[in-house]
Amino acid sequence: MQTETHPLLTSLNPEQQRAVVTTDGPVLVVAGPGSGKTRVLTHRIAWLLEQKEAPPESILAVTFTNKAANEMRERIRRLVSDTAASGLVMGTFHSLGVRILRQNPYRAEELIDLKPNFLIYDTADQLNVAKEAIIHERMDPKQIQPRRMLSGISHAKSEMKTPADVTNDAMSYDQELLARVYHEYERRLRDLNAVDFDDLLTLPLRLFDADPRILEKYQAQFRYIHVDEYQDTNRVQYVMVTALAEVWQNLFVVGDPDQSIYAWRNADITNILNFQDDYPETIQINLELNYRSTGHIVQAADRLIRENRDRIDRPIRTMNPDGDMIMLRELSDQNHEASFIVDEIRRLTQSGRTRPDHVAVMYRTTAQSRVLEEAFRRSEVPYRIIGGLRFYERKEVKDILAFFKLLYNPADRIGLERIIDNTPIGRGFGPRAMEVLLDWAREHQRSPVDGLVSMAPSISPRFKDVSPPEITGSARKAAERIGATLAILQERREKSTLSELFDEIIEVSEYREQFRNGAEDDLQRWSNVQELRTDMERFDTLDPSEALTQYLESVSLVSDVDAMDEGDAGQVTLITLHSAKGLEFPVVFIAGVEEGLLPISRAIEAEPFDRKPLEEERRLFYVGVTRAERQLYLTCATSRISYGRFANSEPSRFLAGIPAEAMKSVTRRDSVGSARTGRFSGRQSGSLASRVQAPVSFDPPSSNEPMHVLPEFKVTQRVFHPKFGSGLITEVTELKNDVELAVEFQRHGKKRLMASLANLEIVES
DNA sequence: GAAAGTGGTCTTTTT
DNA sequence: GACCACTTTC
């Protein structure tokens with residue numbers, strides 16, 4: 001066939017080629033890690049544009065993050081041309097949902113009661129609404145946790161259950177409570193003209209139901225539909241995809257059941273497992289050859305994932321050389337762990353072969369990033385943290401954004417309360433006044449912002465026909481002031497760019513007042529505020545009426561990974577295992593490979609009744625391991641501080657799945673471990689590996705304090721200090737109850753330390 | 001009403 | 001150990 005020689009196909013293996021040229025009908029690509037699925041997706045879309053002459057807007061590609069979408073678009077551009085690729089519809093399910101809602105503003109208002117200027121609430125906003133709903137239902141937010149309720153609501157929404165459905169299906173008292181809270185939560189969201197993340201998926205479907213012609217429009221448009229990371233889609237997403245693909249049936253999904261790590265977010269793995277049943281015509285293509293990682297890494301990954309019972313056996317393999325051994329290193333505590341990682345990265349980068357941006361440090365919980373970050377900060381190794389507290393979730397940033405959101409959507413009472421509570425403008429306006437204002441708003445069917453504006457001293461004839469809210473006493477002045485300020489801002493909004501509006505907001509809100517003290521974190525927070533202004537300048541070229549909509553939308557939909565800036569390379573990446581999905585790095589460290597952390601304790605607790613969470617943890621580890629191209633380090637600590645107290649931990653059971661030939665273990669040999677387990681001489685390396693490969697024993701949980709028996713220190717011995725890093729002992733002085741040591745540290749020079757206090761660890765040579 | 005102090009909860013992971 | 005919500009004090 002002549003297709004064999006087409007330039008778009010030359011760089012692909014036969015299976016990849018087949019995936020690219022099979023353009024008609026349903027296709028399921030089961031793609032192991034590093035098997036080139038992004039390559040397949042980009043080449044296929046290029047193929048559609050070029051060979052099939054498909055118009056770009058007929059091609060939809062749904063990815064897991066917007067970053068992935070942008071990168072794919074870039075790569076397609078390079079394969080075809082800028083113009084040919086513009087107009088492709090690419091993004092996450094959530095951005096697709098917003099797109100559908102925004103493209104049908106009038107129908108959305110008419111049919112699902114969603115006004116065009118709706119806001120997308122983030123988790124903190126949702127929490128506020130949920131809490132209000134709980135109180136309104138006469139429950140106690142301390143007993144009925146808002147987070148629990150939200151997770152129940154999210155679960156219901158991802159299965160497209162309405163509050164009425166939940167009420168009808170309720171099998172327990174808890175579910176009845178959930179139904180009541182859900183009902184009130186929904187009522188409140190609509191009242192606030194706001195939506196949550198799940199609504200971005202369910203509301204478009206409700207719109208389709210209410211007016212099938214809208215759906216038909218999209219069905220006709222999207223002739224070729226692609227879904228990446230299909231194993232992590234949930235029920236609503238499945239329904240949306242199925243609906244959109246119904247006419248053309250050209251549905252191309254890519255995924256890997258072994259990399260499904262979002263069941264907790266209601267992802268439903270049966271979507272991918274049953275794809276063949278849904279579409280009997282399906283052509284399935286398996287990509288199993290790994291191009292990313294060394295032989296040792298691929299072997300380790302293959303072996304460890306085989307431990308999962310609930311799994312279809314599908315080996316991964318590679319033709320790459322074995323490469324370096326995987327390094328397993330046990331350390332005494334989290335500080336040593338962090339210092340080890342930083343020192344090792346420094347060693348790697350000093351050799352010149354590895355650049356800092358080749359390296360990623362991954363961990364199970366965001367809490368682990370703090371200690372790691374401290375170690376990086378002390379060193380000169382540049383780093384960046386993905387995730388944690390997002391920029392847009394910082395208090396000072398949210399405060400300022402609340403003004404923009406309120407100008408955009410005056411019904412945003414939650415935002416108004418935020419402004420009044422947190423910024424100088426709200427001084428003197430207490431809960432009592434708020435109550436009067438909200439009563440007024442309800443009674444007159446107008447927004448609270450209107451109420452305040454109508455109280456401003458010299459105000460427009462807009463409010464001639466309504467009597468302003470009867471706020472009396474000292475709060476009256478405050479209300480008038482707030483009203484006047486909001487009126488000014490509303491007027492400016494029409495003709496100002498976002499950054500002009502920003503300056504105006506800072507001025508009238510006197511927001512800077514709070515940062516006058518000049519304390520260090522005040523400076524930091526003020527610089528965040530200024531960074532927000534810079535961020536907004538990106539949208540200054542847009543028409544003012546469009547800019548605010550687009551900006552607020554972009555703010556709501558960025559993920560942590562989206563915020564990863566390709567520009568500032570040269571930094572080590574610190575990232576959670578979940579966020580690392582889809583990424584790759586030459587060198588990967590996975591920290592905290594311990595029982596209780598990876599697998600997380602909840603999964604261990606659930607295991608006797610439900611194996612699934614534990615298997616998902618193993619898949620998460622698998623995802624981490626397969627991010628590494630040529631070097632993989634696994635670290636664990638013998639004891640670790642969590643919740644502010646010490647706790648001992650065991651190496652993860654998952655390590656038992658890694659073949660000994662692929663992994664080298666370096667164990668601790670100070671006495672914390674041996675005092676506890678009594679079988680930890682550590683004389684020969686590899687003892688840890690033999691231990692973790694033994695069946696897991698049922699040791700009772702050890703006491704909370706680690707026992708400190710001093711190791712034997714000798715001159716010329718290499719040691720490790722949590723703050724100073726690694727060094728050599730140059731002098732040992734025996735004292736009555738202690739040992740005084742002189743240590744020459746690599747970076748901090750010579751220090752004299754008391755062995756009992758220094759928390760030194762002996763490094764195996 | 002603001003600032004300082006106190007006690008309870010929390011950490012799994014995120015679009 | 002950090003954060004939040006709530007109380008006390010001025």
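Below, read A as the first sequence line, B as the second, and so on, with proteins coming before strands; counting in each chain starts at 1.
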Counting the atoms with a prime plus P, OP1 and OP2 as sugar-phosphate, which does A/R619 contact under 4.0 Å by heavy atoms, base, sugar-phosphate, or nothing?
nothing
Any Lys/Arg nitrogen of A/E617 or A/R653 sitting under 4.0 Å from an Asp/Glu carboxylate oxygen of the other?
no
Run the salt-bridge test on A/E229 and A/K37 with the 4.0 Å N-O cut-off and return the result as yes or no.
yes
Knowing that exactly one of A/T365, A/L598, A/I261 qualifies, which makes a side chain to side chain contact (heavy atoms under 4.5 Å, CB included) with A/L577?
A/L598
Between B/dG1 atom C1' and A/R481 atom CZ, what is the distance in whole Å?
13 Å
The Watson-Crick or G-U wobble partner of C/dG1, with both key distances under 3.5 Å, is B/dC10
Using whole Å, what does the distance between atom P of nucleotide C/dC3 and atom CD of A/E393 come to?
14 Å
Phosphate-side-chain proximity, A/Q145 and B/dC10, N/O vs OP1/OP2 below 4.0 Å:
yes
In short, A/A338 meets A/V371 closest at the heavy-atom pair CB-O, 3.9 Å
Which whole-number value in Å describes the distance from A/I641 CD1 to C/dA2 P?
11 Å
If we call it a pair only when both distances are under 3.5 Å in a Watson-Crick or G-U wobble match, what pairs with C/dT9?
B/dA2
With the threshold set at 4.0 Å, does a side-chain nitrogen-carboxylate oxygen contact exist between A/R619 and A/E616?
yes
Please list, for nucleotides 13-15 of chain B, all pairs of protein and nucleotide N/O atoms separated by less than 3.5 Å.
| residue | atom | partner | partner atom | Å |
| --- | --- | --- | --- | --- |
| B/dT13 | OP1 | A/T366 | N | 2.8 |
| B/dT13 | OP1 | A/T366 | OG1 | 2.7 |
| B/dT13 | O4' | A/R364 | NH2 | 3.4 |
| B/dT13 | O2 | A/W264 | NE1 | 3.2 |
| B/dT13 | O2 | A/R364 | NH2 | 2.6 |
| B/dT13 | O2 | A/H578 | NE2 | 3.3 |
| B/dT14 | OP1 | A/T576 | OG1 | 2.9 |
| B/dT14 | OP1 | A/S579 | OG | 3.1 |
| B/dT14 | O4' | A/R265 | NH1 | 3.4 |
| B/dT15 | OP1 | A/S559 | OG | 3.4 |
| B/dT15 | OP2 | A/R390 | NH2 | 2.8 |
| B/dT15 | O2 | A/H94 | NE2 | 3.0 |

To the nearest Å, give me how far apart CG (A/D421) and P (B/dA3) are.
13 Å
A/N409 side chain vs A/N193 backbone, donor-acceptor pair below 3.5 Å
yes
Round to the nearest Å and state the distance from A/R148 atom CZ to B/dC10 atom C1'.
12 Å
Relative to the 5' end of DNA chain B, which residue comes earlier, A/R370 or A/G430, by the nucleotide with the nearest heavy atom?
A/G430
